[in-house]
Number of protein chains: 2
Amino acid sequence: MKKPIHTIETCNQSIGAVRDALYVLNGKWKLPLIVALAGGPKRFKEIQRELKDITPRVLSKELRDLEQNEFVTRKVFDTVPVSVTYELTEYSSCLDEIIESLRVFGMSHRERIIGGLHKDPELVLQSEEV
Amino acid sequence: MKKPIHTIETCNQSIGAVRDALYVLNGKWKLPLIVALAGGPKRFKEIQRELKDITPRVLSKELRDLEQNEFVTRKVFDTVPVSVTYELTEYSSCLDEIIESLRVFGMSHRERIIGGLHKDPELVLQSEEV
DNA sequence: CAGTATCCCTCCGGATACTG
DNA sequence: CAGTATCCGGAGGGATACTG
């Protein structure tokens with residue numbers, strides 16, 4: 001047997017592991033932010049544009065969190081005016097599978113709702129525009 | 001080429017998809033709750049015990065959310081006193097990969113922190129007891 | 001440009017008590 | 001047992017203005 005996920009112990013371990021993961025990745029912005037940086041280093045303002053409705057205050061805080069968890073590095077360039085870029089670390093690649101699975105689910109979930117496959121017509125998506 | 005995730009358009013789509021996914025799965029409890037139900041149907045009190053520190057109020061709300069999104073079904077048995085079970089739907093299996101990847105990351109992240117591989121010694125885990 | 005400073009408010013989620 | 005009622009603190013997160 002490959003995954004005995006039905007034993008009590010294994011299940012409890014899984015809950016703990018998932019909770020640990022969520023603890024680091026919590027909030028509305030961390031994962032989308034990492035996706036935004038997946039294409040290479042970006043500057044503060046660029047990220048803000050890409051994430052559309054994030055405010056500088058929140059973006060700043062999220063970037064610090066990600067930096068502390070070693071998913072992102074901050075680089076300052078001595079230009080006038082100063083320019084700063086953020087870029088993913090090597091370690092951040094351990095999130096790739098999480099992001100990919102979220103992306104796949106997010107897309108099919110959207111299809112499901114738009115296609116009216118859900119019973120509840122009130123159900124809404126995060127990004128309103130279809 | 002398999003995944004052209006570096007094009008602007010694809011990247012933006014990815015951000016939207018991830019945001020859609022997070023919108024449905026947000027919060028501290030939804031995914032752990034689904035893991036708790038992975039072993040088969042459970043009753044309210046059983047779930048509460050398994051998740052240790054969730055209050056009935058919050059558990060009730062989370063279960064309703066999951067029900068509305070068709071990840072969980074609620075079944076009432078006409079016993080005395082009444083008993084209720086919650087069980088995963090077929091549709092909920094579309095979350096398997098997300099949960100699995102979170103679990104894998106959560107475990108290795110825990111190792112990384114316990115092993116002192118992180119620079120910041122202040123870093124903490126969700127489930128405090130090691 | 002790259003943020004910080006303030007202000008503010010929703011709502012997540014916890015504590016406790018109670019009901020059918 | 002399976003929840004609901006009430007109360008509540010605090011974090012998450014938005015708006016706006018401002019600084020080096």
Side-chain angles (χ1 to χ4, degrees), chain A residues 15 18-20 22-34 36-37 41-69 72-87 122 124 126-128, chain B residues 15 18-20 22-34 36-37 41-69 72-87 122-128:
Chain A
I15 294 177
V18 170
R19 292 191 62 182
D20 285 340
L22 292 176
Y23 183 68
V24 183
L25 304 173
N26 62 29
K28 185 174 168 180
W29 293 112
K30 289 190 183 58
L31 263 354
L33 190 34
I34 288 175
L37 290 174
K42 285 201 175 62
R43 305 178 60 169
F44 192 88
K45 200 76 175 186
E46 287 183 285
I47 304 173
Q48 211 188 329
R49 266 191 294 271
E50 195 143 352
L51 261 30
K52 302 301 192 212
D53 47 356
I54 193 171
T55 61
R57 167 186 163 77
V58 173
L59 177 55
S60 172
K61 189 239 175 197
E62 297 295 304
L63 283 168
R64 268 184 313 230
D65 286 353
L66 291 177
E67 213 186 330
Q68 203 199 3
N69 281 300
V72 164
T73 53
R74 179 177 186 272
K75 285 183 181 156
V76 184
F77 294 91
D78 200 4
T79 55
V80 184
V82 65
S83 73
V84 180
T85 66
Y86 294 88
E87 110 181 77
E122 298 296 295
V124 169
Q126 166 67 17
S127 34
E128 280 111 63
Chain B
I15 294 176
V18 169
R19 292 192 62 184
D20 286 339
L22 292 176
Y23 183 67
V24 183
L25 304 173
N26 62 31
K28 186 174 169 179
W29 292 112
K30 288 188 184 62
L31 264 353
L33 191 33
I34 288 176
L37 290 174
K42 284 201 176 64
R43 304 178 60 170
F44 192 88
K45 199 75 173 187
E46 288 183 284
I47 304 172
Q48 211 188 329
R49 266 191 295 271
E50 195 144 351
L51 260 31
K52 303 298 192 217
D53 46 357
I54 193 171
T55 62
R57 168 186 162 75
V58 173
L59 178 54
S60 172
K61 189 238 175 197
E62 297 294 305
L63 283 168
R64 267 177 312 199
D65 286 354
L66 292 177
E67 215 187 328
Q68 204 200 4
N69 280 302
V72 164
T73 53
R74 180 177 185 272
K75 284 184 183 156
V76 184
F77 295 92
D78 198 4
T79 57
V80 183
V82 65
S83 72
V84 180
T85 65
Y86 294 88
E87 112 180 76
E122 298 296 295
L123 243 35
V124 171
L125 293 158
Q126 165 69 17
S127 34
E128 279 113 63

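Below, chain A is the first sequence line, B the second, and so on; all start at residue 1. If you're wondering where the values come from, they're calculated on a predicted model, not measured in any experiment.
- If you take CG of A:Asp53 and C1' of D:dG12, they are 15 Å apart, rounded to a whole angstrom.
- Rounding to whole angstrom units, CG of residue A:Leu51 and P of D:dG14 are separated by 10 Å.
- Inter-residue side-chain proximity for B:Val72 and B:Arg74 is flagged as unmet; no heavy-atom pair is nearer than 4.5 Å.
- The A:Arg74 side chain lies nearest to C:dA2 when the options are C:dG14, C:dA2, D:dA2.
- When heavy atoms are screened at a 4.0 angstrom cut-off, B:Glu46 is found touching no nucleic acid atom at all.
- Within 4.0 Å (heavy atoms only), B:Tyr86 reaches sugar-phosphate atoms of the nucleic acid but no base atom.
- If you take CG of A:Leu59 and P of D:dG13, they are 13 Å apart, rounded to a whole angstrom.
- Closest of all the heavy-atom pairs between A:Leu51 and B:Arg19 is O-NH1, 3.9 Å.
- A close approach under 4.0 Å does not occur between any side-chain nitrogen or oxygen of A:Ser83 and OP1 or OP2 of C:dA2.
- Going from atom CG of A:Asn26 over to atom P of D:dG13 covers 8 Å, rounded to whole Å.
- Put simply, NZ on B:Lys28 is 11 Å from P on D:dG12, counting in whole angstrom units.
- Here the side chain of B:Val84 is nearest to one of D:dC1, D:dA2, C:dA2, namely D:dA2.
- Here the shortest heavy-atom pairing between B:Ile47 and B:Lys42 reads CG1-CB, 3.8 Å.
- Side-chain N/O atoms of B:Lys61 include none lying less than 4.0 angstrom from OP1 or OP2 on C:dC11.
- In the set D:dG3, C:dT4, C:dA2, C:dA2 carries the atom at the smallest distance from any side-chain atom of A:Arg43.
- B:Val82 and B:Phe77 get closest at one heavy-atom pair: CG2-O, 3.3 Å.
- Taking 4.5 Å as the limit, some side-chain heavy atom of A:Asn26 sits within range of a side-chain heavy atom of A:Lys30.
- One atom, CD of B:Gln48, and another, P of C:dT16, lie 14 Å apart when rounded to the nearest Å.
- A pairwise comparison of heavy atoms in B:Pro41 and B:Thr85 identifies CB-CB, 4.3 Å as the closest pair.
- A straight line from CD of B:Glu62 to C1' of D:dT4 spans 16 Å, rounded to a whole angstrom.
- Residue A:Val58 has its side chain nearest to D:dG14 when only C:dA2, D:dG14, D:dC1 are considered.
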Between the protein and nucleotides 5-7 of chain D, which nitrogen or oxygen pairs are less than 3.5 angstrom apart?
none

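- Remark: B:Thr55 is not in phosphate contact with C:dT16, judged by side-chain N or O atoms under 4.0 Å from OP1 or OP2.
- Here B:Glu87 pairs with B:Lys75 under the salt bridge (charged side-chain N to carboxylate O under 4.0 Å, His left out) rule; sequence neighbours left out.
- Between the C1' atom of D:dG3 and the NZ atom of B:Lys75 lies a distance of 20 Å, rounded to the nearest Å.
- An angle of 40°, rounded to 10°, separates the two end axes of the helix from C:dC1-D:dG20 to C:dG20-D:dC1, each defined over five pairs.
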